[in-house]
Novice: 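Provided herewith is a single structure, encoded as structure tokens, for subsequent inquiry.
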Amino acid sequence: EVQLVESGGGLVQAGGSLRLSCAASGFTFDDYAIGWFRQAPGKEREGVSCISSSDGSTYYADSVKGRFTISSDNAKNTVYLQLHSLKPEDTAVYYCAARMSVGLYGGIWYFASEYDYWGQGTQVTVSS
């Protein structure tokens with residue numbers, strides 16, 4: 001059974017930092033890409049970042065470049081999203097999702113429909 005479990009969300013002041021984790025099981029981690037998405041109330045789910053576990057390629061949304069960093073620990077089947085310089089507009093439920101790395105490229109990583117498996121989400125709230 002495929003499982004993606006997010007953790008690390010919480011309440012933080014603007015300018016603060018958090019580290020989100022996505023622990024994966026039930027599939028061959030090295031063959032998959034893990035994406036982070038977020039969804040704020042009343043808004044569509046948007047792609048934040050993605051990493052390919054097979055070759056380490058990373059992708060970021062323009063809104064988080066330079067502030068968020070994605071990394072992967074293949075030995076632990078875990079992907080991390082380090083959030084720095086948080087802003088109130090970063091407030092959302094953050095989800096991780098998985099898809100096969102084959103065929104992944106910069107033009108599609110941010111489409112939620114490209115991913116096969118999803119976690120339950122973790123809430124990030126940034127106060128001003």
Side-chain angles (χ1 to χ4, degrees):
E1 178 188 6
V2 172
Q3 280 195 317
L4 296 171
V5 180
E6 303 97 333
S7 61
L11 173 64
V12 64
Q13 289 188 331
S17 299
L18 284 173
R19 189 178 80 158
L20 307 183
S21 299
C22 174
S25 61
F27 57 90
T28 305
F29 189 79
D30 291 357
D31 293 338
Y32 275 71
I34 303 294
W36 283 97
F37 289 76
R38 66 186 181 186
Q39 189 165 21
K43 294 190 176 180
E44 291 189 358
R45 191 167 297 191
E46 65 170 343
V48 175
S49 184
C50 178
I51 186 167
S52 171
S53 300
S54 62
D55 64 7
S57 298
T58 58
Y59 307 90
Y60 294 95
D62 288 344
S63 59
V64 306
K65 275 181 186 175
R67 300 190 300 121
F68 293 6
T69 303
I70 194 168
S71 62
S72 179
D73 185 338
N74 287 24
K76 295 182 178 180
N77 287 5
T78 300
V79 168
Y80 304 98
L81 187 68
Q82 184 71 53
L83 289 59
H84 290 298
S85 303
L86 282 162
K87 306 174 182 180
E89 51 264 43
D90 294 317
T91 295
V93 177
Y94 284 69
Y95 300 88
C96 65
R99 57 151 285 160
M100 291 284 287
S101 290
V102 172
L104 179 71
Y105 63 98
I108 65 170
W109 72 265
Y110 47 84
F111 288 113
S113 59
E114 288 289 326
Y115 294 78
D116 301 308
Y117 307 108
W118 290 83
Q120 82 289 348
T122 186
Q123 176 71 47
V124 171
T125 303
V126 185
S127 63
S128 57

Novice: Under 4.0 Å between a side-chain nitrogen and a carboxylate oxygen: does that hold for Asp62 and Lys65?
Specialist: yes
Novice: Do the side chain of Thr122 and the main chain of Tyr94 share a donor and acceptor less than 3.5 angstrom apart?
Specialist: no
Novice: Nearest 0.5 Å, please: how far is CD1 in Ile34 from SG in Cys50?
Specialist: 8.0 Å
Novice: Examine Leu104 and Phe111 and state if one hydrophobic cluster contains both, with Ile, Leu, Val, Met, Phe, Trp and Tyr joined whenever side-chain heavy atoms are less than 4.5 Å apart.
Specialist: yes
Novice: Nearest 0.5 Å please: distance from the CZ atom of Phe68 over to the CG atom of Leu83.
Specialist: 3.5 Å
Novice: Would you give the length of the straight line joining atom OG1 of Thr58 to atom CD1 of Ile70, rounded to the nearest 0.5 angstrom?
Specialist: 7.5 Å
Novice: Looking at every non-hydrogen atom in both residues, tell me the closest pair between Leu4 and Ala24 and how far apart they are.
Specialist: CD2-CB, 3.6 Å
Novice: Are Val93 and Trp118 connected, step by step, through hydrophobic side chains (Ile, Leu, Val, Met, Phe, Trp, Tyr) whose heavy atoms are closer than 4.5 Å?
Specialist: yes
Novice: With heavy-atom distances below 4.5 Å as the criterion, would you say the side chains of Thr69 and Tyr80 are in contact?
Specialist: no
Novice: Using every non-hydrogen atom in the two residues, find where Leu20 and Gly9 come nearest and quote the distance to one decimal.
Specialist: CD2-N, 3.6 Å
Novice: Is the shortest heavy-atom distance from the side chain of Tyr32 to the side chain of Asn77 under 4.5 Å?
Specialist: no
Novice: Please say whether the positively charged group of Arg45, taken as NZ for Lys or CZ for Arg, lies over the ring of Phe37, i.e. under 6.0 angstrom from the six-membered ring centre and within 45 degrees of the axis.
Specialist: no
Novice: Please test Thr91 against Gln123 for side chain to side chain contact (heavy atoms under 4.5 Å, CB included), starting from the C-alpha separation and ending with a verdict.
Specialist: CA-CA 8 Å; Thr91 295; Gln123 176 71 47; 4.0 Å; yes
Novice: Less than 4.5 Å apart, side chain to side chain, heavy atoms only: is that true for Ser21 and Lys76?
Specialist: no
Novice: What's the shortest heavy-atom distance between Ala61 and Gly47, and which atoms?
Specialist: CB-O, 3.4 Å
Novice: For the residue pair Tyr95 and Gln39, establish whether any side-chain heavy-atom pair is separated by less than 4.5 Å.
Specialist: yes
Novice: Evaluate the side-chain proximity of Leu86 to Gln13: yes if any heavy-atom separation is below 4.5 Å, no if none is.
Specialist: no
Novice: Enter the distance from Asp31:CG to Ser53:OG here, rounded to the nearest 0.5 Å.
Specialist: 9.0 Å
Novice: Looking at side-chain heavy atoms only, is the closest gap between Leu81 and Ser49 below 4.5 Å?
Specialist: yes
Novice: Looking at OH of Tyr110 and OH of Tyr59, how far apart are the two atoms once the value is rounded to the nearest 0.5 Å?
Specialist: 11.5 Å
Novice: Any luck finding a side-chain donor-acceptor pair between Tyr115 and Arg99 under 3.5 Å?
Specialist: no
Novice: Could you check if a side-chain atom of Arg38 sits within less than 4.5 angstrom of a side-chain atom of Val124, using non-hydrogen atoms only?
Specialist: no
Novice: Is any side-chain heavy atom of Ser52 closer than 4.5 Å to one of Trp109?
Specialist: no
Novice: Roughly how far, to the nearest 0.5 Å, is CZ of Arg19 from OG of Ser17?
Specialist: 12.0 Å
Novice: Do you reckon Val79 sits in the same ILVMFWY cluster as Val2, going by side-chain contacts under 4.5 Å, direct or chained?
Specialist: yes
